[in-house]
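Take a look at the structure below.
Note that ligands are numbered from 1 as they come in the structure, with each ligand's atoms numbered from 1 the same way. The shown structure was predicted, so the numbers you read here are calculated from the model rather than taken from an experiment.
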Amino acid sequence: MANFRGSCLHCGEAAVGPIMTAGVTKFHPECFRCCRCQSCIGDDEQYVLVGLSALYCGVCWSKNDTGSQKQHVIKVIKIPALHRDPSQYKLKKNWSDSVVYEVCSLPQSQNGCNGSSCQLNVGDRILEVNGMPVHDYSLLDIERVLNQRTSVVQVTVEQTPSTASRKLEDTKSFGSLSSLELRSYSDMDKPKDKLNRRRDEHRSREPRRSKGCEERAASLSRLSDSSPTPPTYTKAGLARTLSFREQARSQCTFRACDLVKGELLGKGFFGQVYKVTHCETKEVMVLKELYRLDEEAQKNFLKEVAVLRRLEHPNVLRFIGVLYKERKLHLITEYVRGGSLRELIQNIHRPLSWKQRTLFAHDIACGVAYLHSMGVIHRDLSSHNCLVREDFSVVVADFGLARITSEMCQHQLDRSRLAAGSKRGKRIERKKRYTVVGNPFWMAPEMMKGNKYDEKVDIFSFGIILCELIGRVHADPDFLPRSGDFSLNQQTFLEKFCDGCPEPLYRIAFMCCDLNPDKRPSFERLAGWLQSVSSSLTRCLQFPKDLLEEIRRLSGPISCSLSPVSCDENILQATPSLTYSSSSRDITGGGSKSITSASVPVANNPSFTECTLSSACSSLSTFAKIRPLHSICEVDHSNSNSNSINRPALSSPES
Ligand SMILES: Nc1ncnc2c1ncn2[C@@H]1O[C@H](COP(=O)(O)OP(=O)(O)OP(=O)(O)O)[C@@H](O)[C@H]1O
């Protein structure tokens, strides 16, 4: 079995967890897509990898099989079991690469057909037979399987230009071969030789399939993992080689027939979320599928899968696997029964003690501290995207807008170097001019203004969540008092919403909502503070003196609002197409009026669903009210010197 560490050929990121392999090249399942039609290629589907770069699905390839003979190609060929011909495939060992066998002679039936892209040719290098890498087997074993007459044999081959154009010599005919033909195992007779016995052994370890489930086509061994113990679902969804060996935790690929679709749990901007139950284990999970098929939606969804599959933490939504259905990728995650934190906060019939609120905040802080340690900025942290489990622990979810920053990993490294006593280096400049994404209610001021930002934007969002928890108030600026500079209006919040709130808790919230990102505490520190606060609350003790002093010192005096919140509907009406300049000092277009708490019911106005970002930037309130309908707004600030309009940027590309 090959070592499946390495990187994905498509995205270049580490290929861990379930991966698709084409020969020795690896892909994440979500990256294993046809370069022409962009559809995901399932593990039972034909593919052709040309020149170690262009991947085609069987359909697109067969429509346009031109020029293949001049290129390096990895593909799957099926040899049907229809012919009775004594002539045989002959193989030889490829001495330059001891792990593959080369076809040196063909049966007579193929006489004159050499060079065809859909059958074995002289010189083809055989990488896998029936999904098993050939290096585990002797040349005789492989020849025996190829020449058996009882069942379809699926062969993954590598064709080089010389192979494809090589002339057929010295071959005897035994009937035509068809390939690029999909047949399932259930169509085939059970092979008896060693190779097929091995395959059957693997399959016999799988849970019994539900009746009526169509079995998979012969394995291409593209979905692989090296964890020593196959996880629960690995085998349920696959009739291929031992897979999922790379990671200890389970990440699975399901078939549609493995899961029974249940109730619709909700709809986001791009996708919808269903409860599903596994036929065999009865485990309830969540399936997220896209209903929008535009590029933007696809991009965000693939990112969500890509991010989630790398993460494993008790306070981060658990990724279970993926499902290919109708050539589309679906995400399977744990089912979180308690709904969103926002729903819980807003449920006034449900009392929440200060300790419970502190624990919620602690869990989120731990989850996002982990994300940051993994180099992920969430960028859409909100009480919508924090889900509450039955045991009242909270998980952070929804990674469609997340950003992976290698700088952050570097930052972690540097920190550990510093901790290990090496010399203090120059502070790494991590802030970058990324795109503006997320929900404006929770969005950090620096992102709102189109400035450079870093992971501290998540801390601001967390501060808003903490305010929601403290005041059981909507994050909407119509309810949660904000200042003219988009920070929190601490004074008003304190007066209106902090009755009975432990002092450290609201002070922590204020620190998180500081306008200056550098003054916001890290999630690691926040988790520590919140842990101490909750312990004190549990034991009804006074807060430790040093904790209180530290928090007071760092949070400083309670600030008063600089620009009183005003109610100015005219801003909304008068500036329908303001430009959003990345160099402007605020997002109001004019700078004179920054925040309005105008209670214009735009959120419920259907015409705003089509509203563009540029027209939405007239005020925080307008901006904010667009978001619940749009769910995402992206503005590209990559050209920081430009004063030009960044037009409705729902799909602005991100570098
Ligand atoms: N794993 C889960 N378990 C239980 N409920 C979930 C789960 N994931 C999502 N939901 C619920 O399904 C609904 C839709 O979720 P989804 O993540 O698609 O959208 P969203 O976060 O509301 O919006 P957007 O993706 O536009 O930010 C939400 O109300 C959420 O509470």
Side-chain angles (χ1 to χ4, degrees), residues 254 259 261-278 283-294 296-305 307-309 311-323 328-347 360 363-364 367 377-403 436-443 458 461 464-465 468 474-475 603 609 613 624-634 650-651:
F254 296 90
L259 306 171
K261 209 167 182 179
E263 71 186 86
L264 177 70
L265 293 172
K267 285 185 177 192
F269 187 57
F270 296 117
Q272 48 202 11
V273 174
Y274 288 93
K275 210 162 135 179
V276 289
T277 310
H278 193 270
E283 187 182 346
V284 178
M285 296 169 283
V286 156
L287 176 144
K288 190 166 183 177
E289 66 181 19
L290 280 184
Y291 56 74
R292 271 180 48 182
L293 292 174
D294 53 284
E296 174 77 22
Q298 301 261 4
K299 199 178 84 181
N300 284 299
F301 188 63
L302 289 175
K303 189 192 282 179
E304 179 160 16
V305 176
V307 170
L308 209 49
R309 70 206 306 280
L311 305 174
E312 190 178 25
H313 187 274
N315 300 114
V316 172
L317 185 69
R318 187 165 59 92
F319 172 72
I320 297 178
V322 290
L323 162 82
K328 279 188 286 177
L329 188 71
H330 298 69
L331 170 66
I332 310 286
T333 66
E334 70 169 306
Y335 170 52
V336 186
R337 274 169 218 280
S340 72
L341 183 61
R342 185 186 151 91
E343 285 158 10
L344 193 66
I345 290 172
Q346 295 304 322
N347 179 357
F360 285 151
D363 282 1
I364 302 168
I377 313 181
H378 189 289
R379 304 199 299 181
D380 195 18
L381 191 62
S382 71
S383 52
H384 283 294
N385 293 334
C386 293
L387 304 174
V388 185
R389 292 203 185 102
E390 266 180 323
D391 63 359
F392 275 84
S393 61
V394 178
V395 291
V396 177
D398 209 343
F399 294 87
L401 301 181
R403 169 98 206 179
V436 174
V437 294
N439 187 319
F441 293 175
W442 287 267
M443 192 182 283
D458 287 341
S461 310
I464 300 292
I465 297 175
E468 292 178 83
H474 278 292
T609 52
L613 183 63
K625 285 174 193 300
I626 299 306
R627 175 55 177 74
L629 302 168
H630 270 116
S631 273
I632 173 174
C633 25
E634 292 216 18
L650 284 173
S651 59

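- Remark: ligand 1 and Glu343 share no N or O pair separated by less than 3.5 Å (distance only, no angle test).
- Close approach to Lys288 involves these atoms of ligand 1, each under 4.0 Å from a residue heavy atom: 16 (P), 17 (O), 18 (O).
- If you check each of Val286, Val273, Val284, Val388 against atom 2 (C) of ligand 1, the one with the closest non-hydrogen atom is Val286.
- Between Leu381 and Cys386 the shortest side-chain heavy-atom distance falls below 4.5 Å.
- Counting the atoms of ligand 1 from 1 in the order shown, those under 4.0 Å from a heavy atom of Leu317 are 1 (N).
- The atoms of ligand 1 that sit less than 4.0 Å from any heavy atom of Asn385 are 21 (O).
- Nearest heavy-atom pair across Phe301 and Leu329 is CE2-O, 3.1 Å.
- Within ligand 1, counting atoms from 1 as listed, the ones closer than 4.0 Å to a heavy atom of Tyr335 are 3 (N), 4 (C).
- Considering only residues two or more places apart in sequence or on other chains, Lys267 meets the salt bridge (charged side-chain N to carboxylate O under 4.0 Å, His left out) condition with none of them.
- Residue contacts with ligand 1: Val336 is placed with a nitrogen or oxygen under 3.5 Å of a nitrogen or oxygen of the ligand (distance criterion only).
- For Ser383 against Glu468, the heavy-atom pair with the smallest separation is OG-OE1, 2.6 Å.
- Where the criterion is an N or O separation shorter than 3.5 Å, residue side chain and backbone included, Glu334 meets it with respect to ligand 1.
- Annotation: side chain of Val276 is not in contact with side chain of Leu323 (no heavy-atom distance under 4.5 Å).
- Heavy-atom contacts of Asp380 reach the following atoms of ligand 1: 27 (O) (cutoff under 4.0 Å).
- Between Glu283 and Ile320 there is a side-chain heavy-atom pair separated by less than 4.5 Å.
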Please tabulate, one pair per line, all N/O donor-acceptor pairs under 3.5 Å involving side-chain atoms of residues 387-399, not counting sequence neighbours.
residue	atom	partner	partner atom	Å
Arg389	NE	Glu334	OE1	3.0
Arg389	NH1	Pro314	O	3.0
Arg389	NH1	Ser393	OG	3.2
Arg389	NH2	Pro314	O	3.1
Arg389	NH2	Glu334	OE2	3.0
Asp391	OD1	Ser393	N	2.9
Asp391	OD1	Ser393	OG	2.7

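- For ligand 1, the atoms sitting less than 4.0 Å from at least one non-hydrogen atom of Thr333 are 1 (N), numbered in the order shown with element in parentheses.
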